[in-house]
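Just below is one structure, and these are the notes that go with it.
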Amino acid sequence: MAVQSPYNRYDKGVPRSLRPYPARTLVDLVGKTAREVPESPALFFMGSTLKYCDLERQSDAFAFALVEAGVRKGDRVALLMPNVPQMIVSELGIWKAGAVVVPLNPLYTSQELEFALNECEAEIAVVLALFYGKVKAIQPKTQLRRVIATGIKEYLPPVKKLLFTLLKEKKEGHGVRVESPDLLYSKMIRQNLGKKPSLSLPLPGDTALFLFSGGTTGKPKCAVSSHDSLVMTGMQVSAWFGDVLIKGKDIFILNMPLFHAYAQVGVMATGFVGRHPLALLADPRNMDDLFETIRNLKPALLPGVPTFFNAMLRHATVFGEKSIFGCLKICVSSAGPLTPGIRERIEQLTGGKFINAYSLTEATVATVLEPVLGLKKAGATGVPAPDVVVKILDDQDEKTELQVGETGEVVICAPQLMKGYWGRPEDTAAVLRNGWLYTGDIGYLDNEGYLYIVDRKKDVIKPGGFQVWPSEVERVICSHPYVLDAGVSGVFDDYQGEAVKAWVVLREGRQMTKDELRHWCRKELAVFKVPKAVAFVDELPKSPIGKLLRRKLHSIDEMVSETS
């Protein structure tokens, strides 16, 4: 049976195609909004508001300062910050200077950060003061020639700024001091307000963004996206929300971290396309900040991952102040499998709609979503967005397209796919072929075009939406002198959606506890990469040539269960 057109399940008014896409960038769109409605709010943060006119002027000033500091077209500029206004002002400024934005995870260990900076070959980094020392410690091992530091209080309203200065700044290491020739973000903005770099704005096809992804090989790589790809995704997602959200008015909460494609493209780009104000949350785990934002701003869109929604539903505020959630028209979950019953509980709480979505970094969030108002199916991720095509290929014979219900590799064709992996042509050729992205995910389509993800051909694990590559965790575990061998894979977790589990073989005569192993891992791995579950075993499943068979790691648990 052939797959029917997924367009039959689109909500009324959602177009099948948005072609031809305008030759525009996010820089163009923000500039246009700043000219037409300059006083409109662009960003909300901890009680302060940044208008579009301010966003435009400050990003112009930052761009001018970057050019004066030697930044040239195509240079990579790394960003090491949570979701604060400086992050978005910096991004726009970097683009206006002709450079490429490389958002990095502030939770990276020093070793991870060193690898990431060398992989993207960044020469400039803009960092929150809290991370300045960590960056300076590894700078000699990288190509960084200058660091720009900023303080989290710089966009706080006056009273909060004063309290922060008195109570937190020194105690928690937020003071902003830099060594020569490093620069202060605030000074760069202040001294250059009213100035613009004498450069033409970036073209739609220019490179805009490097986002780190494990791809199918497990080694972090920079997925390269162009400016027009961000606009395309923003237009697709904006069209998907249709008349449910009011453009230019309804507020998006930007709580997912901006080093992730979900927030960077799916939320921020969509917000700029639809002129939706963005309410920034620096810490997505801080439910008190989230609920204060909901009370004060009454946002309409709340994105998240299963872990986030699980934590939200367990909070006392959900039981004691249910009325504040009635403003939420749409909640979107992505980056992991849904916990059973979560949709029903969120929709009952908000009175709005809860939809699931699927995509990946390499697709620049060319996405599959559930219809906002239409049919949702248990276990399905939804149907392809406008101009996104999904098919299933036999994962043994990749030339064979499979029919309804047959399980194989998910491949995607869309206008906004990444250009490739930076500096890795072989890895690029392995996943981008003839205009199709080979995702490494295993799934099937039903007769109405709904996509179901059942497994991963690639090994990446996604605890709480973060990406963890088993080979990296295995390397750290095997560096312990007591460990002979290790295998790492993802297991279902009712809180995170997926958790990291390690199966460990110890050397003869050696003993260690699970907590001792985790302590070892924390020395080199970000906390979300540390195994949540550990099993000590006698041997690991291997192929005839000695290759670890990760898919069979789970069978060890089954055998233990059957014999215990």
Side-chain angles (χ1 to χ4, degrees), residues 9-18 21-22 24 26 29-30 32-33 36-37 40-44 49 51-52 83 88 230-256 258 262-281 290 293-305 308-309 312 324-334 343 346-359 365-376 382-388:
R9 284 299 177 183
Y10 276 23
D11 288 337
K12 184 179 180 181
V14 177
R16 296 187 177 193
S17 175
L18 296 168
Y21 288 89
R24 295 287 184 271
L26 292 183
L29 296 182
V30 169
K32 187 172 187 289
T33 304
E36 294 179 353
V37 282
S40 293
L43 309 176
F44 294 111
T49 302
K51 300 173 184 176
Y52 265 98
N83 291 6
I88 295 179
L230 309 184
V231 174
M232 290 174 189
T233 294
M235 290 179 63
Q236 291 167 1
V237 179
S238 186
W240 198 258
F241 295 150
D243 296 330
V244 178
L245 299 182
I246 303 172
K247 291 180 173 60
K249 179 180 179 182
D250 279 337
I251 297 168
F252 288 4
I253 291 187
L254 186 45
N255 53 328
M256 294 295 99
L258 278 163
Y262 183 6
Q264 183 72 219
V265 187
V267 182
M268 187 184 80
T270 304
F272 284 145
V273 165
R275 295 183 176 179
H276 295 280
L278 303 171
L280 305 179
L281 294 186
L290 170 68
T293 299
I294 293 174
R295 285 188 202 98
N296 294 337
L297 297 179
K298 297 179 172 48
L301 178 82
L302 176 61
V305 295
F308 167 81
F309 287 112
M312 174 179 157
I324 69 169
F325 299 100
C327 58
L328 294 172
K329 298 178 180 180
I330 302 176
C331 294
V332 184
S333 180
S334 187
R343 182 199 313 282
I346 291 291
E347 289 189 345
Q348 184 179 22
L349 174 69
T350 65
K353 298 297 182 181
F354 184 96
I355 66 171
N356 194 22
Y358 160 83
S359 189
V365 197
T367 195
V368 172
L369 312 96
E370 292 180 312
V372 177
L373 303 174
L375 178 66
K376 299 168 182 65
V383 295
D387 300 314
V388 178

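None of these values were measured; they are calculated from a predicted model. All heavy atoms count here, side chains included; hydrogens, waters and symmetry mates do not.
Listed here is the closest heavy atom pair of Pro386 and Pro15: CG-O, 3.1 Å. The two atoms that bring Ile251 and Ala279 nearest to each other are CG2-CB, 4.0 Å, heavy atoms only. Taking every heavy atom of both residues into account, Ala366 and Ser359 meet most closely at O-OG, 3.0 Å. Taking every heavy atom of both residues into account, Leu278 and Val267 meet most closely at CD2-O, 4.3 Å. Taking both residues in full, the closest heavy atoms of Arg275 and Thr33 are given as NE-OG1, 2.9 Å, listed atom of the first, atom of the second, then distance. Of all heavy-atom pairs spanning Gly374 and Asp11, the tightest one is N-OD1, 3.0 Å.
The NZ atom of Lys298 lies 9.0 Å from the CD1 atom of Ile324; values are rounded to the nearest 0.5 Å. Atom CD1 of residue Ile88 and atom CE of residue Met268 lie 6.0 Å apart, to the nearest 0.5 angstrom. Here CZ of Phe325 is found 7.5 Å from CZ of Arg295. Values are rounded to the nearest 0.5 Å. Rounding to the nearest 0.5 angstrom, the gap separating the CG atom in Leu26 from the CG atom in Leu230 is 5.0 Å. For the atom pair Asn356 CG and Ser334 OG, the distance stands at 6.5 Å (nearest 0.5 Å). Considering CG of Leu328 and CD1 of Ile346, their distance stands at 8.5 Å, rounded to 0.5 Å.
Counting non-hydrogen atoms of neighbouring residues, nucleotides and ligands closer than 6.0 angstrom, the CG atom of Asn296 exceeds 12 such neighbours.
The shortest distance between side-chain heavy atoms of Asn255 and Leu302 falls below 4.5 Å. Looking only at side-chain heavy atoms (C-beta outward), Val372 and Val14 stay at 4.5 Å or farther from each other. No side-chain heavy atom of Lys353 sits less than 4.5 Å from a side-chain heavy atom of Val244. Looking at Met232 and Asp387, their side chains never come closer than 4.5 Å, going by heavy atoms from C-beta outward. Side-chain atoms of Leu258 and Asn83, non-hydrogen and from C-beta on, do get closer than 4.5 Å to each other. Side-chain contact between Leu245 and Phe252 is present, with at least one heavy-atom pair separated by less than 4.5 Å. The closest side-chain heavy-atom distance from Gln236 to Val388 is below 4.5 Å. Looking only at side-chain heavy atoms (C-beta outward), Leu301 and Phe241 come within less than 4.5 Å of each other.
Of the possible polar contacts, one joining the Trp240 side chain to the Glu370 backbone as a donor-acceptor pair under 3.5 Å is found.
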Inset, instruction - Evaluate the criterion side-chain contact (heavy atoms from CB on, under 4.5 Å) for residue pair Met256 and Phe308; output intermediate values, then yes/no. - result: CA-CA 9 Å; Met256 294 295 99; Phe308 167 81; 4.2 Å; yes

Legend entry - Check against side-chain contact (heavy atoms from CB on, under 4.5 Å), Val365 and Tyr262: CA-CA 7 Å; Val365 197; Tyr262 183 6; 5.9 Å; no

Inset, instruction - Evaluate side-chain contact (heavy atoms from CB on, under 4.5 Å) for Thr367 paired with Thr233, printing each intermediate quantity in order. - result: CA-CA 8 Å; Thr367 195; Thr233 294; 6.0 Å; no

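Between Phe354 and Phe309, the two ring planes are perpendicular [angle over 60°; tilted spans 30° to 60°].
Ion pairing between Glu347 and Arg343 fails under the 4.0 Å rule for side-chain N and carboxylate O.
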